[in-house]
Each structure stands twice: as structure tokens, then as C-alpha cells.
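Below you'll find the structure, written out as C-alpha cells, and then a few comments.
First the proteins, then the strands, lettered A, B, ... as listed; each starts at 1.
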Amino acid sequence: MPPMPRVAALAAAALALTGCGIASGDERITLNVLAASSLTEAFEELGTAYHAAARNTTVRFEFAGSQDLAMDVQEREPADVLATADQASMDTVADKVTGRRAFAYNSMTIAVAPGNPRHVQGLSSLADRRLRVVVGGPIVPVGRYATQVLAKAGVAVRPRSEEADSRTVLTRVRTGAADAGIVYVTDMRSAGIAASSVPIPVQQNVTVTYFAAALRASAHEEAARAFVSWLRSPTATAILRKYGFPTP
Amino acid sequence: MLVLPALIGLAFLVLPLLGLLVRAPWSTLGTRLARPEILDALRLSLLSATLATLLCLLVGVPLAWVLARVDFPGRRLVRALVTVPLVLPPVVGGVALLLALGRNGLVGRWLDRWFGLTLPFTTAGVVLAEAFVALPFLVISVEGAVRAADLRYEDAAATLGASRWTTFRRVTLPLIAPGVGAGAVLCWARALGEFGATITFAGNFPGRTQTMPLAVYLALENDPQAAIVLSLVLLAVSVVVLAGLRGRWVL
């Protein structure tokens, strides 16, 4: 294909000039996506896949606790898409988003040290005062879900600390500061061999629903809505499932 | 020529504080301040900042004296090490504390094994995190005071037969008292505002490790009005402390 080298050269020039993305259309768009921290690894791969599918669009992510992200939207931080780990955070900005839809599910598990040295059997084990248990704070989704699963199991736990997001809870367990923590099932993948997990049975567990929506204030609302719709495509759901998220 | 940038600088510092005052929910201030979780955080903040300051005085004054008076190889390196927490992001300080004093830390694992003592998730952990960040303020202030103190008084005491400890206690300490006082107040104020090292090392739990700055941060996501009230309290404390300092000591 004779024209290829020229295109490649142009692309390389664009890359060199802008430092990111490869241009092919007239308009190059960078979508800023605010996403819940539990989505980190999955969304980074989704971003690459989306760029491969829609070459004029580059996706950039900012990961944080859902309630943090909702506050960023309230404070009108410039962004195009919001993806939260719960409905409540999305509801607080209902008037600022459009085209909201559920795109993934998750559930909770108990993170423990590798090999489960303290022999945690399930949620009821967490009531043991000698066990150092860490959960998310009462206002972050991972903390609310922890409260819900403990209530379903009828277990009273006195946590040592209430952390600001799910990854911090997991870090406490990974570093050995805590013996057990309640985190998302999908978080365990990021810990690798640094942590083990004790499953929470379905009847005690919750179904976490992830929502995505385009922001009304976005300068690229069309592209933002396209990205949100694409999250339900076969390519996107395959990636989400690969990272352990069931999809609708 | 200089007035305009000076005014811009002043406005830059004052405007955010003004924002805090304007947006404060004045009408409900009283009831909000009396809420138990705010009182808990305030009590814990005052307690831990005071304990951290005492700890800093205990080790910081001797350290400052050694840095100012004892000539030993590597003194400049030690002085540089003392100031590291000043420039280190506090979160990094918290991570470092975890690696050293955490349950699996260099020293922490032995504390746990031998004494059953774990610092993360305890008020003691909060005090240590605050002391780590605030100690340089005290040391620098006291070292300056020791350097400025006239050596001849100490020499005179020594010729009259006073031991090094007596000289330090009876001559040097009264001479450097204003410097120690100023250092202690700065140290206390820094400890009171400590956030990064505290949340990283000690975690966050109401009544045990949740100090005012942590409460501000977490309230911001949930109840911004409460965050403003908490911030106002911290601001008031800072202003009172600094005003007190200015009157008594040259800063």
C-alpha cells in the first residue's frame, strides 16, 4: 500500500506535535472520563480499545471515589463522562448528566492476608474483636455496601479504620496493617498474590451497579454519549468481564 | 511599582479565607459546632497536637542544642535530614512511617511481636505522624535561638563549676525560652493541621484517629456545610495562635 508511509509519517508528526493520540479525521477529541476507582484497570484497557475503534477520540481517565467524582461534577470540573459505582452518587448530579445507563455489576468479598492465616470463615468471623477489620467510610459506596452485607449477615463489627475508597481498604490488608477488609470482588485481581479473599455467599451479598452518563456541560456531548453507549458493546463487555465485572 | 503585586499577593492569601467566611452557615453554626462528631474530632485534634508538641519538645530541644553546639562530622547532613519532613509530601511521610512502624514495618514488627504494640489505627499513631511532620519546625526555631544565645554565659557557668546539664538547665534554657516557645507554638499549629501523614499512617476512625483535618476532608464529600464549619474552627485556632505569637515573640 503506497500511501501508508505518508499516513504513518503524518500520524507520527501529529503524535510528536501533540504528545498524545493519533489523528485521522478532521476533528480530534479527547474525552475526559471521571470513573470510580474500582474501575481503574478495566477502564484503562477500555480506553485503549475505544481509541482503536474510534480513532479520532482519545479517552483520558481520572479515578477516585464515586462521591468525590460527583462532587467534581457539582463543582463543574470540565469533564465529559461520569462513571460511578452506585446510583446514589449519580443521583446527586442527576440534573447535570444525560443518557445515563447501567453497564456493569460487582459484588463484595472479604480481603485477607495471603493464605488466610487468621482463618476467616466468613462475615461472622469479622465480629471477633482480636481481628483488625477495615471498611470504607459510611459515605463512600464501598463503605455503604459493607454496612449492607454486614447487616444482612447480622454481624456487628467494630472496624479499626474507615477508608476513603475501596483500594485503600485493600492496601491496609496488603500491607498487613489490617487482618481483613470488605472490598469489591474485582479489587482482588489488582492485589494478585498479595491478598487472598474469603467469598461472601449470595444471600448475604449485594449487587453493585455501575452507571455511566454523559455530562451536559461537556463540549463533546455527542462523543461522550457515544462512549457511554459503547460501554454496552460486545468489545466493551468482553473487557469488563475479563476484569471480573458481570455485565447487563 | 511594588504596591500592586503586594496587593495581589495579599488578596491571593486572604480571598480563599474570605470565601470560607462568606459561605459559612452562620445561623446554624452553634448547633453544628455542638454536634458530637465535631466535638470528638476537635477534642482528638487538641489532644494529639498537644501530645505531639510535648514529644517534639522532649527530643527536639536536645537535638537542636546538639546541632548548634556540638561539632561532629556529618553535622550538615544531619541538619539536612532533620528538615526533610518540611519538604516531603506528608503522604510520603505517612507511607515511610508505615514501612518503619507499621505492623510489618522494620521496627513495627518487633513492637508487635514483643510488646503486642501496634501503632496504626491508634491515637498514638496520630501523635507520631503529627510529631514526624512538626518536629523540624521546633528544631529549626530552637537551633536558631541556641546559636543566637551568648556562649559567654555558658562559659562563665562552666568556670564556676556547673556541669554541662546544670548549665543547660539553668543558663541555656532560660536564654532560649522565647525561641523554644515560638518553636513549640509553630510545632503545635503544624500538628493541628496535619492531614496526609495522619490518614496514611493512622487511618480514619471517629474518636480514635479522625482529627479535624480528616473530618473536614471526609465531610466535604458528604456535607460541605459541616466541612466549612470545621474549617472555620481550624482557621480561628490558627489565627488566635499566630496573633498570640506576634505579640510575644518576634517571628
* Asked: How many angstroms lie between atom CD1 of B/I199 and atom CD of A/E163, to the nearest 0.5 angstrom?
  -> 6.5 Å

* Heavy-atom pair count under 4.5 Å with chain A, highest-scoring of B/T122, B/T200, B/L99 -> B/T200

* Asked: For the residue pair B/N104 and A/T175, what are the closest heavy atoms and their distance?
  -> ND2-O, 3.1 Å

* Asked: Any chance CZ of B/R43 has more than 12 other-residue heavy atoms, nucleotides or ligands included, within less than 6.0 Å?
  -> yes

* To do: With a 4.5 angstrom heavy-atom cut-off, could you sort out which part of B/L119 is near chain A: side chain, backbone, both or neither?
  => neither

* Asked: B/Y217 and A/A164: which non-hydrogen atoms are nearest, and at how many Å?
  -> CE2-CB, 4.3 Å

* Answer whether the closest heavy-atom distance between the side chains of B/L214 and A/E162 falls below 4.5 Å. => no

* In residues 186-200 of chain A, which residues are in contact with chain B at a heavy-atom separation under 4.5 Å? -> none

* **Residue pair A/A177 / B/F121: nearest heavy atoms and the distance that separates them** => O-CE1, 3.3 Å

* To do: Determine the option with the most heavy-atom pairs under 4.5 angstrom with chain B, choosing from A/G65, A/P138, A/G137, A/G176.
  => A/G176

* **Side chain / backbone / both / neither for A/D72 at chain B, heavy atoms under 4.5 Å** => neither

* side-chain hydrogen bond (donor to acceptor under 3.5 Å, both in side chains) pairs, two or more places apart, involving residues 203-214 of chain B -> B/N204-B/Q210

